[in-house]
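Chain letters run A, B, ... following the sequence lines, proteins first and then strands; every chain starts at 1. All values reported here derive from a predicted model rather than from experimental measurement.
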Number of protein chains: 2
Amino acid sequence: MNTPIRVVIADDHQLMLDGLKQGLNSLPDIRVVGTAVDGSTLGDVVASTEPDVLLVDVEMPGMSGISAISRLDDLPPTIVVTMHTAEAYGKSAREAGAVAFLSKALPLPDLAAAIRAVADGQHLFDRDLDQALADYRTPRLSTRAETITERERDVLRCLVQGISGTEDLADELYISQKTVKNHLASIYEKLSVNDRAQAVVEAMKLGLDRKW
Amino acid sequence: MNTPIRVVIADDHQLMLDGLKQGLNSLPDIRVVGTAVDGSTLGDVVASTEPDVLLVDVEMPGMSGISAISRLDDLPPTIVVTMHTAEAYGKSAREAGAVAFLSKALPLPDLAAAIRAVADGQHLFDRDLDQALADYRTPRLSTRAETITERERDVLRCLVQGISGTEDLADELYISQKTVKNHLASIYEKLSVNDRAQAVVEAMKLGLDRKW
DNA sequence: CCAGGAATAGGTCGGTAGACCCATAAAGCA
DNA sequence: TGCTTTATGGGTCTACCGACCTATTCCTGG
């Protein structure tokens, strides 16, 4: 599997932190490896986890996100988010070393796309976001998993829905039991597993139950 | 399964909305059935989904959370959350019909506990939160799933980690293959499934892989 | 003290899953 | 045109899984 993008997020609201963490971790290619609720602990977390991408809220008590990141020597590609649509902080965010500046009004998939974009070396400021993010909308899956075909996905989807018997799968997909077994064999090979139970685990990990 | 608590959440920040939705849906006993990004659409969403609990942010553009809920005739048990620790809105939230007033500084498990508490008829204002939420910390699972024993959970945990073969499970848990089969049989009965693949699906649905 | 549940383990047996071989029709692409 | 992939299907065989029944030990609650 392509190694997931390791992300650290900082926000003074624990609720936001927990929510974002859940949301981002639900994507197959992004892993939240650390969180911080204020600017002072952010440095330690970044130093110990060495994330690929840093995500910070501008509004933080004590030390603002901006000043917090400006005093990090080894700043990873950093996205600054704000509650306000205002561009007021944009300039200072850039000066502090951020490579992207976004609003919290964005939906989560867009944030995910932005994370992939900056992990890829892109900068996201004023420019048209929709266009800049276009290439990063779909999660980067492992090369093996990407070769999963239409019909094989049908089988996986059934598995995840709790249809696991060969006969049940055959009935559900209107194919012979033999074909089901063939598809399963292909799936096992592509996901590097060797039975239905492990296939379910992998499918869920990769998010094959949600997307497509 | 005990029917999950149906929740509608309103927040002007899409990111918060998506994050909370993910976080809450990851719990086995809470289901987010609707969301609203502003006060004006909130009414329609509540009317069409009829949630058990409503969760609204005070700070919303156009119409504040407070005024939005005060003009709903048929208000479900409602939790008002705020970014600020300030109690300023507390009184007006109560007057508008809310039964709880919380800070966004709370961690997600506490919010979940609060949701369970208000769904259960509790009111959560000034009082000591920790104590008020104590009874609602653990997710309410289905009665069958709650009888899953320690050792059976070990087996499930292994399954979810991709250890599915009888021999592998036996080695991992230092028990005989026969005992593994016994535990599996109990699990199947308690989760109403009939093989390892379905057990994995159920375990993940119930969140048995995360908790305990 | 005894009943009951949990964890451990043994046996048998039918059914099925997974591995390995193969074939054919259709579709996409060079 | 032919090569490759995909979807469909067949057969065989071994190993394994799941269902059913029993048993022992330990611990906890009444």
Report the distance from atom [atom1] of [X] to atom [atom2] of [N], rounded to the nearest whole Å.
X        : N      : atom1 : atom2 : value
A:Ile175 : D:dG10 : CD1   : C1'   : 14 Å
B:Arg153 : C:dA7  : CZ    : C1'   : 14 Å
B:Glu189 : C:dA6  : CD    : C1'   : 15 Å
A:Gln177 : D:dT12 : CD    : P     : 16 Å
A:Lys178 : C:dC21 : NZ    : P     : 13 Å
A:Glu152 : D:dT5  : CD    : P     : 13 Å
B:Leu169 : C:dA7  : CG    : P     : 15 Å
A:Asp195 : D:dC17 : CG    : P     : 8 Å

Does OP1 or OP2 of [N] have a side-chain N or O of [X] closer than 4.0 Å?
X        : N     : answer
B:His183 : C:dA6 : no
A:Thr179 : D:dA7 : no
B:Thr149 : C:dA7 : yes
A:Ser176 : D:dG9 : yes
A:Ser186 : D:dT6 : no

Report summary line: Note: for B:Arg151 and A:Lys181 on DNA chain C, the residue whose nearest nucleotide lies more 5' is B:Arg151
Requested in this report: In plain terms, say whether A:Lys104 and A:Asp11 are close enough for a salt bridge, that is, a side-chain N and a carboxylate O under 4.0 Å apart.
Outcome: yes
Report task. Identify whether the distance between the nearest side-chain nitrogen and carboxylate oxygen of A:Arg157 and A:Asp154 falls below 4.0 Å. Result -> yes
Query raised in the report: Base, sugar-phosphate, or nothing for B:Glu150, non-hydrogen atoms under 4.0 angstrom?
Result: sugar-phosphate
Query raised in the report: Within the structure shown, what part of the strands sits under 4.0 Å from B:Thr166 by heavy-atom distance: base, sugar-phosphate, or nothing?
Result: sugar-phosphate
Query raised in the report: Does one side chain, of B:Thr41 or B:Asp38, offer a donor that lies under 3.5 Å from an acceptor on the other?
Result: yes
Query raised in the report: So, B:Gln198 and A:Ser164: side-chain donor and acceptor under 3.5 Å apart, yes or no?
Result: yes
Query raised in the report: Is there a side chain to side chain donor-acceptor pair (under 3.5 Å) between A:Asp18 and A:Gln14 once you walk through the steps?
Result: CA-CA 6 Å; A:Asp18 289 346; A:Gln14 186 74 41; 3.2 Å; yes
Report task. Please state whether the base of C:dA9 and the side chain of B:Asn182 form at least one donor-acceptor pair under 3.5 Å? Result -> yes
